> 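Next up is a structure, given as structure tokens.
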Amino acid sequence: MESEPTAELIRAQLRRLRLSADLTQEDFGKLVHFSGSQISAIELGQRPFDRLFLKRADEVLNSDGLLSGLLRIAELHGQPNWLRP
């Protein structure tokens, strides 16, 4: 579904950061107000992510805006509509 290279990079970094924080999908989901299954779907590219989700993920994972920054780069390079806010 979401196989664009930038989207794959964002999902990979989200998963890496979550695992580095030693959070399960369920635990992370609670912190960002999503279910564990929704987090799984986002990480697998079966559900789109948006600016608000990535902002909250950056806050929870203390990633200093990495995920939101990657989304801004994608927007600047004309990624597909589903990746735009």
Side-chain angles (χ1 to χ4, degrees):
M1 181 175 174
E2 295 179 7
S3 61
E4 297 295 325
T6 307
E8 290 177 17
L9 174 63
I10 294 170
R11 287 193 308 269
Q13 291 304 307
L14 173 65
R15 180 172 166 76
R16 182 188 64 78
L17 290 165
R18 178 182 61 76
L19 292 173
S20 291
D22 200 28
L23 293 169
T24 65
Q25 290 175 334
E26 192 68 34
D27 292 337
F28 176 64
K30 288 177 186 174
L31 295 171
V32 294
H33 311 295
F34 276 64
S35 70
S37 62
Q38 289 172 312
I39 299 301
S40 175
I42 289 170
E43 289 182 357
L44 293 171
Q46 299 167 342
R47 177 188 170 118
F49 46 78
D50 61 24
R51 183 184 306 256
L52 292 175
F53 170 78
L54 294 178
K55 181 178 187 268
R56 183 68 183 134
D58 278 331
E59 292 168 359
V60 168
L61 297 170
N62 298 313
S63 65
D64 199 28
L66 173 67
L67 301 170
S68 297
L70 289 171
L71 180 59
R72 280 192 298 278
I73 290 169
E75 291 168 350
L76 291 173
H77 288 97
Q79 290 292 322
N81 290 337
W82 60 261
L83 195 61
R84 297 181 189 145

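Quick note: numbers below take in every heavy atom, side chains included, and nothing from hydrogens, waters or symmetry partners. Everything quoted here is computed from the prediction, not taken from an experiment. Note that the numbering runs from 1 along the sequence shown for the chain.
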> Hey, are the side chains of L61 and L66 touching, using non-hydrogen atoms and a 4.5 Å cut-off?
no
> So how far is it from K30 NZ to D27 CG, rounded to the nearest 0.5 Å?
6.0 Å
> Can you get from L54 to L19 by hopping between Ile, Leu, Val, Met, Phe, Trp and Tyr side chains that sit under 4.5 Å apart?
no
> Is R18 close to V32 at the side-chain level, that is, under 4.5 Å between some pair of heavy atoms?
no
> Mind checking what makes salt bridge (charged side-chain N to carboxylate O under 4.0 Å, His left out) contact with E26, not counting sequence neighbours?
none
> Please check if the side chain of S20 supplies one atom and the backbone of R16 the other of a donor-acceptor pair under 3.5 Å.
yes
> Should I73 and T6 count as side-chain neighbours, where that means a heavy-atom distance under 4.5 Å?
no
> Atom CZ in R72, atom CG in L67: separation rounded to 0.5 Å?
10.5 Å
> Once you round to the nearest 0.5 Å, how far does OG of S68 lie from CG of D58?
4.0 Å
> Kindly compute the distance separating CZ (F28) from CG (L14), expressed to the nearest 0.5 Å.
5.0 Å
> Rounded to the nearest 0.5 Å, what separates atom CZ in R11 from atom CZ in R47?
13.5 Å
> Should F34 and L52 be counted in the same cluster of Ile, Leu, Val, Met, Phe, Trp and Tyr side chains packed under 4.5 Å apart?
no
> Got more than 12 heavy atoms from elsewhere within 6.0 Å of CZ, R15?
no
> Keeping the roles fixed (side chain from R56, backbone from L31), state whether a donor-acceptor pair exists under 3.5 Å.
yes
